[in-house]
2 protein chains.
Amino acid sequence: MAFFKGQETYSIDSKNRVAIPVKMRKAMSEEAEDTFNVTLGSEGCIAAYPMDEWKKYQDKFSHLNQFNEKTRFFLRTLLQWSEDAVLDGQQRILLPKQLTEQTGIKGKILIVGMIDHLEFWDPEKYSDYMNGHNQTYESVAAEVMSAE
Amino acid sequence: MAFFKGQETYSIDSKNRVAIPVKMRKAMSEEAEDTFNVTLGSEGCIAAYPMDEWKKYQDKFSHLNQFNEKTRFFLRTLLQWSEDAVLDGQQRILLPKQLTEQTGIKGKILIVGMIDHLEFWDPEKYSDYMNGHNQTYESVAAEVMSAE
DNA sequence: TGGAAAGTGGGTAAAAGTGGGGAAATGTGG
DNA sequence: CCACATTTCCCCACTTTTACCCACTTTCCA
């Protein structure tokens with residue numbers, strides 16, 4: 001099972017290609033077959049799940065009852081941005097134009113490891129997000145981890 | 001088994017033909033034999049089920065009790081629009097005029113992958129639909145997935 | 001410090017998307 | 001049963017996008 005961590009600031013070129021940092025590539029399992037499921041992530045980033053991790057979610061979605069209106073809304077919202085991306089010969093993935101436009105990513109791109117997936121951020125948006133919290137890291141940590 | 005996802009905005013030409021995006025064509029199984037069952041979908045879209053997936057629904061419908069009035073209404077509503085469509089040499093399907101008129105599709109068309117079928121939308125109607133939900137995606141997601 | 005690997009950029013052939021002409025098939029009315 | 005109009009299907013042609021190379025610079029180790 002994958003465990004992604006760390007961060008890197010890379011370039012996204014005119015063709016929307018981004019190299020995957022070696023340390024993160026190495027964290028991928030063989031079963032992913034160099035394929036990611038790329039989709040819109042939370043707080044305005046792009047999320048990329050290795051295929052093997054994504055399949056677990058797929059199974060759940062397949063068994064939902066589509067005769068329910070809320071289920072349909074949920075699936076449409078979730079799946080509309082979702083797309084496969086295979087690494088090229090240089091270990092880069094091609095990010096869908098729709099997603100880079102939606103998230104304002106251009107030129108420089110921040111890649112963050114998030115356990116079972118990678119996140120791609122506009123560097124500026126990321127620092128705004130980080131600075132936008134008035135609670136300290138320590139107090140949030142205490143809250144989140146107290147339930148465990 | 002098919003798993004459709006993603007979205008594309010394509011053109012529907014004067015002959016009512018629409019190309020199927022490659023990523024969605026690849027998600028189709030061989031058994032579908034390039035054939036869709038096209039019918040009226042929920043919330044005012046057109047739904048296209050690959051033949052193999054549609055057969056599973058057919059089986060279910062065959063076993064419903066037609067001595068029940070609601071069942072009859074359900075079946076009539078569903079089946080009256082239902083029609084086969086085979087891909088042409090350019091991997092396009094011909095959408096029935098009745099359905100494009102009914103759903104207001106003309107010129108530009110939005111194609112959305114919905115696991116076991118494709119949905120065709122008038123782009124404007126789709127954004128109205130998406131904006132028309134006062135519940136957030138996150139709260140619907142929590143509801144829908146909590147049962148799992 | 002030299003070689004390999006990693007990161008970046010670009011050219012080009014192939015594939016995908018779009019549009020239209022015309023023959024074949026279908027349907028309608030006389 | 002035939003003549004006509006309409007629709008359907010198959011083909012060709014053009015434009016845009018994508019996939020696959022190749023090449024250069026920088027960084028990292030041995």
Side-chain angles (χ1 to χ4, degrees), chain A residues 4-28 33-38 46 48 51 82-102 105-113 118 120-123, chain B residues 4-28 33-38 46 48 51 81-102 105-113 118-123:
Chain A
F4 296 112
K5 60 187 178 184
Q7 64 167 306
E8 291 289 340
T9 302
Y10 273 26
S11 302
I12 178 166
D13 67 21
S14 58
K15 293 183 181 177
N16 255 22
R17 296 175 300 189
V18 182
I20 305 297
V22 188
K23 60 185 178 191
M24 297 179 188
R25 211 185 308 151
K26 284 185 179 152
M28 274 179 84
E33 292 171 31
D34 288 349
T35 306
F36 284 93
N37 180 270
V38 183
I46 297 175
M51 197 177 67
S82 182
E83 195 161 314
D84 283 343
V86 185
L87 297 186
D88 70 9
Q90 274 77 332
Q91 313 291 321
R92 294 175 289 196
I93 57 168
L94 181 69
L95 293 179
K97 277 238 169 61
Q98 300 172 347
L99 286 176
T100 51
E101 280 166 17
Q102 180 86 13
I105 292 173
K106 201 174 86 179
K108 286 292 162 190
I109 186 168
L110 179 71
I111 311 170
V112 183
L118 297 178
F120 300 94
W121 290 80
D122 170 51
Chain B
F4 296 113
K5 62 188 177 186
Q7 62 167 315
E8 289 291 338
T9 302
Y10 273 25
S11 303
I12 178 166
D13 66 21
S14 56
K15 294 182 183 179
N16 255 23
R17 296 175 301 187
V18 182
I20 305 296
V22 188
K23 61 186 178 191
M24 297 177 188
R25 212 184 307 151
K26 284 187 180 151
M28 275 178 85
E33 291 170 30
D34 288 348
T35 306
F36 284 93
N37 180 271
V38 183
I46 297 176
M51 199 176 63
W81 301 106
S82 187
E83 196 163 313
D84 282 343
V86 185
L87 297 186
D88 70 9
Q90 273 78 337
Q91 314 290 322
R92 294 176 288 197
I93 57 168
L94 182 69
L95 293 179
K97 277 239 169 60
Q98 300 173 348
L99 285 175
T100 52
E101 279 165 16
Q102 179 82 17
I105 291 173
K106 202 174 85 181
K108 285 292 162 191
I109 186 168
L110 179 71
I111 310 170
V112 182
L118 298 179
E119 290 186 346
F120 300 94
W121 291 79
D122 170 51

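Quick note on labels: first sequence line is chain A, next is B, and so on, each numbered from 1.
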For atom CD of A/Q91 and atom C1' of D/dC21, their distance in whole Å: 15 Å
Nearest-nucleotide 5' precedence on DNA chain C, A/S14 against A/P21: A/P21
B/K23 NZ - D/dT17 C1' separation (whole Å): 13 Å
Test item: A/D84 and A/V86 side chains (from C-beta on) under 4.5 Å apart, heavy atoms: no
B/I93 CD1 - C/dT18 C1' separation (whole Å): 16 Å
Nearest-angstrom distance from the residue atom CG of A/D13 to C1' of D/dT25: 15 Å
More than 12 heavy atoms from other groups under 6.0 Å of CD on B/Q98: no
Can you tabulate the close N/O pairs, meaning under 3.5 Å, that link protein atoms to atoms of nucleotides 28-30 of chain D?
none

Nearest heavy-atom neighbours spanning B/F120 and B/I105: O-CD1, 3.6 Å
Candidates B/L87, B/D88, B/T35 - the one meeting side-chain contact (heavy atoms from CB on, under 4.5 Å) with B/I93: B/L87
Pairwise side-chain contact, B/E119 with B/F4, heavy-atom cut-off 4.5 Å (strictly under): no
Side chains of residues 15-25 of chain B: which donor-acceptor pairs under 3.5 Å do they make with residues two or more places apart or in other chains?
| residue | atom | partner | partner atom | Å |
| --- | --- | --- | --- | --- |
| B/N16 | ND2 | B/L95 | O | 3.0 |
| B/N16 | ND2 | B/T100 | OG1 | 3.2 |
| B/R17 | NE | B/D13 | OD2 | 2.9 |
| B/R17 | NH2 | B/D13 | OD2 | 3.0 |
| B/K23 | NZ | A/E83 | OE1 | 2.8 |
| B/K23 | NZ | B/E8 | OE2 | 2.9 |
| B/R25 | NH2 | B/I20 | O | 3.1 |

5' precedence on DNA chain C between A/I12 and A/K26 (nearest-nucleotide basis): A/K26
Separation of atom CG in B/N16 from atom P in C/dT18, rounded to whole Å: 14 Å
Which atom of B/G113 lies closest to which atom of B/L118, heavy atoms considered: CA-CD2, 4.2 Å
Spacing between A/L95 atom CG and D/dT17 atom C1', to the nearest angstrom: 17 Å
For atom CD of B/E8 and atom C1' of C/dA15, their distance in whole Å: 15 Å
What pairs of nitrogen or oxygen atoms, one from the protein and one from nucleotides 4-10 of chain D, lie under 3.5 Å apart?
| residue | atom | partner | partner atom | Å |
| --- | --- | --- | --- | --- |
| D/dC9 | N4 | B/K15 | NZ | 3.2 |
| D/dC10 | N4 | B/R17 | NH1 | 3.4 |

